[in-house]
Number of protein chains: 2
Amino acid sequence: MARKTREEAEQTRHLLLDTAERVFWEKGVAATSLADIAAAAGVTRGAIYWHFNNKLDLFTAICDRIMPELEEMESVLLDSRLSPAARLWQHASTLFALVRDNERLRRICGIHHLGCEQVGEMAPLLLEQISWTQEKQARLQQVLEDAASAGQLRDGIEPRLAALGLHSLYGGLCHTWMINPEDNTVHQYIHALISPYFVGIFRDSCWLAEPAAEH
Amino acid sequence: MARKTREEAEQTRHLLLDTAERVFWEKGVAATSLADIAAAAGVTRGAIYWHFNNKLDLFTAICDRIMPELEEMESVLLDSRLSPAARLWQHASTLFALVRDNERLRRICGIHHLGCEQVGEMAPLLLEQISWTQEKQARLQQVLEDAASAGQLRDGIEPRLAALGLHSLYGGLCHTWMINPEDNTVHQYIHALISPYFVGIFRDSCWLAEPAAEH
DNA sequence: TAATACATACATTCATGTACGTATGTAAAC
DNA sequence: GTTTACATACGTACATGAATGTATGTATTA
């Protein structure tokens with residue numbers, strides 16, 4: 001009712017983000033009204049409209065919160081201590097471990113796959129996702145090209161298509177996971193699930209043979 | 001305005017299904033009102049409520065329309081003239097060719113991946129999809145077990161996980177496709193995109209070696 | 001004549017956005 | 001160290017516009 005200290009206000013903002021994330025995940029974005037979120041957070045819509053412009057703005061803020069984790073994960077692809085193939089293998093492991101360990105990321109993943117429409121009014125969201133996806137795919141492709149230079153690729157493998165395939169496989173596995181979030185099969189057997197694709201792309205088992213770590 | 005012949009009424013019903021399918025695909029299911037659909041079809045909501053109970057009922061009817069095609073596609077998995085591995089390969093080709101050639105199927109695929117929420121109010125839809133998915137995955141697994149009996153699998157490949165991986169790969173590729181429906185990369189290079197997984201699952205290239213057709 | 005295939009009209013419920021109120025924190029003036 | 005003035009962080013109330021479902025009208029058609 002009354003003004004709160006800056007710190008408390010920031011706390012309210014985080015509460016709204018956490019609550020909205022959970023309610024979006026449970027009911028879907030379109031099916032959730034700002035009143036729903038406010039009630040679940042124990043505040044009124046006034047608080048929401050103070051911190052955010054509208055529902056899309058709120059949702060965007062939720063998605064932006066996980067960018068650091070995602071970027072950090074991408075850094076694995078640049079680890080020069082590993083061969084290109086080993087980098088990709090490590091990257092996939094890190095990706096799914098992150099989804100398992102980070103509840104926030106898992107929820108957002110679930111919302112994107114099952115809980116929101118990405119056309120029409122939410123189209124800007126999709127556009128952002130497209131550009132982000134393309135960027136991520138380009139990084140995979142870059143690493144695969146490095147692998148090609150290192151002679152790690154099987155004959156006839158095109159880095160561009162292999163990147164697209166890998167990326168689609170990751171997305172599909174995430175989708176399968178999100179349909180039954182409590183079923184940990186995807187993460188538990190992630191190596192068995194993705195290794196066939198690695199077998200098909202790389203020679204021998206070069207993605208497992210890591211050069212000796214330094215020091 | 002007035003009553004029409006039974007045939008014309010059936011025509012109206014199909015018009016509504018076609019129109020709703022298109023509008024759902026363009027704007028998303030939740031963002032589309034029944035008034036939108038009626039206007040696009042050149043009728044009033046009265047016509048919709050005559051033929052369907054509500055939006056969910058209409059959407060269900062849309063989805064049910066493609067069941068025959070999907071079931072027909074599954075029959076490839078039972079083609080006893082092919083080896084298990086070859087059946088799976090053929091099945092994948094058929095699947096993506098169908099998505100390319102059948103505009104209706106492609107739209108519904110797009111709606112499911114990008115244009116509708118599958119939680120909350122639409123949860124029954126998800127449940128149906130889950131059971132259908134599990135059934136489909138079980139068929140893949142069955143064929144993979146047949147392949148195991150025929151000695152076509154690489155060492156260490158578990159049919160259940162391979163089925164889950166294949167199914168996820170297909171879903172992920174469809175998702176990638178639907179993000180840019182006009183980009184035919186996924187279909188055009190579908191063999192290059194899925195063959196790595198086949199390489200990783202099966203021995204040699206047994207999925208390409210088809211036993212001679214009969215007669 | 002009775003059921004059909006809609007169109008029309010109405011009632012109700014939400015969800016949104018905004019305008020306004022209000023009490024407190026915060027910083028500067030003195 | 002008060003006091004003053006303003007910004008902040010909401011709560012409240014309202015106005016508006018959908019969207020839905022249903023009830024009813026109506027012209028055919030079987």
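Chain A is the first sequence line, chain B the second, and so forth, proteins listed ahead of strands; every chain is numbered from 1. Basis for what follows: all heavy atoms, side chains included, without hydrogens, waters or symmetry-related copies.
Residue pairs that meet the ring-ring contact (aromatic ring centres under 6.0 Å, His included) test with at least one member in residues 55-83 of chain A, sequence neighbours left out, are A/F24-A/F59, A/F59-A/H112.
The side chain to side chain contact (heavy atoms under 4.5 Å, CB included) test applied to B/H91 returns B/M73, B/E74, B/V76, B/L77, B/K136, B/L140, B/Y170, not counting sequence neighbours.
What separates CZ of B/F52 from C1' of D/dA19 is a distance of 19 Å, to the nearest Å. In this structure, CD of B/E8 is placed 8 Å from P of C/dC6, rounded to the nearest angstrom. In this entry the distance linking CD1 of B/I37 with C1' of D/dA19 reads 12 Å, nearest Å. If you take CD of A/E10 and C1' of C/dG25, they are 16 Å apart, rounded to a whole angstrom. Taking atom CD on A/E7 and atom C1' on D/dA9, their separation rounds to 15 Å, with Å as the unit. Atom C1' of nucleotide D/dA9 and atom NE2 of A/H14 are separated by 16 Å, given to the nearest angstrom. The distance from atom CD1 of A/I48 to atom P of D/dT8 is 20 Å, rounded to the nearest whole Å. Here D/dT20 presents its P atom at 12 Å from CG of B/L56, a figure rounded to the nearest Å.
The CZ atom of B/R104 sits 3.5 Å away from atom CZ of B/R65, with the distance rounded to the nearest 0.5 Å. Taken from CE in A/M67 to CD1 in A/I108, the straight-line distance is 9.0 Å, to the nearest 0.5 Å.
For D/dC10, the OP1/OP2 oxygens have no side-chain nitrogen or oxygen of A/W50 closer than 4.0 Å. For C/dC6, one of the phosphate oxygens OP1 or OP2 lies less than 4.0 angstrom from a side-chain nitrogen or oxygen of B/H51. Listed pair B/T12 / C/dC6 meets the phosphate criterion, a side-chain N or O lying under 4.0 Å from OP1 or OP2.
Atom CD of A/E7 has 12 or fewer heavy atoms from other residues, nucleotides or ligands within 6.0 Å. More than 12 heavy-atom neighbours from other residues, nucleotides or ligands sit within 6.0 angstrom of CH2 on A/W177.
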Look for any protein N or O under 3.5 Å of an N or O in nucleotides 15-18 of chain C and output each such pair with its distance, or none.
unit_1	atom_1	unit_2	atom_2	d
C/dT16	OP2	A/L34	N	3.0
C/dG17	OP2	A/Y49	OH	2.4
C/dG17	N7	A/R45	NH1	3.0
C/dG17	O6	A/R45	NH2	2.5

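Looking at every heavy atom in both residues, A/H191 comes nearest to A/S93 through NE2-OG, 2.9 Å.
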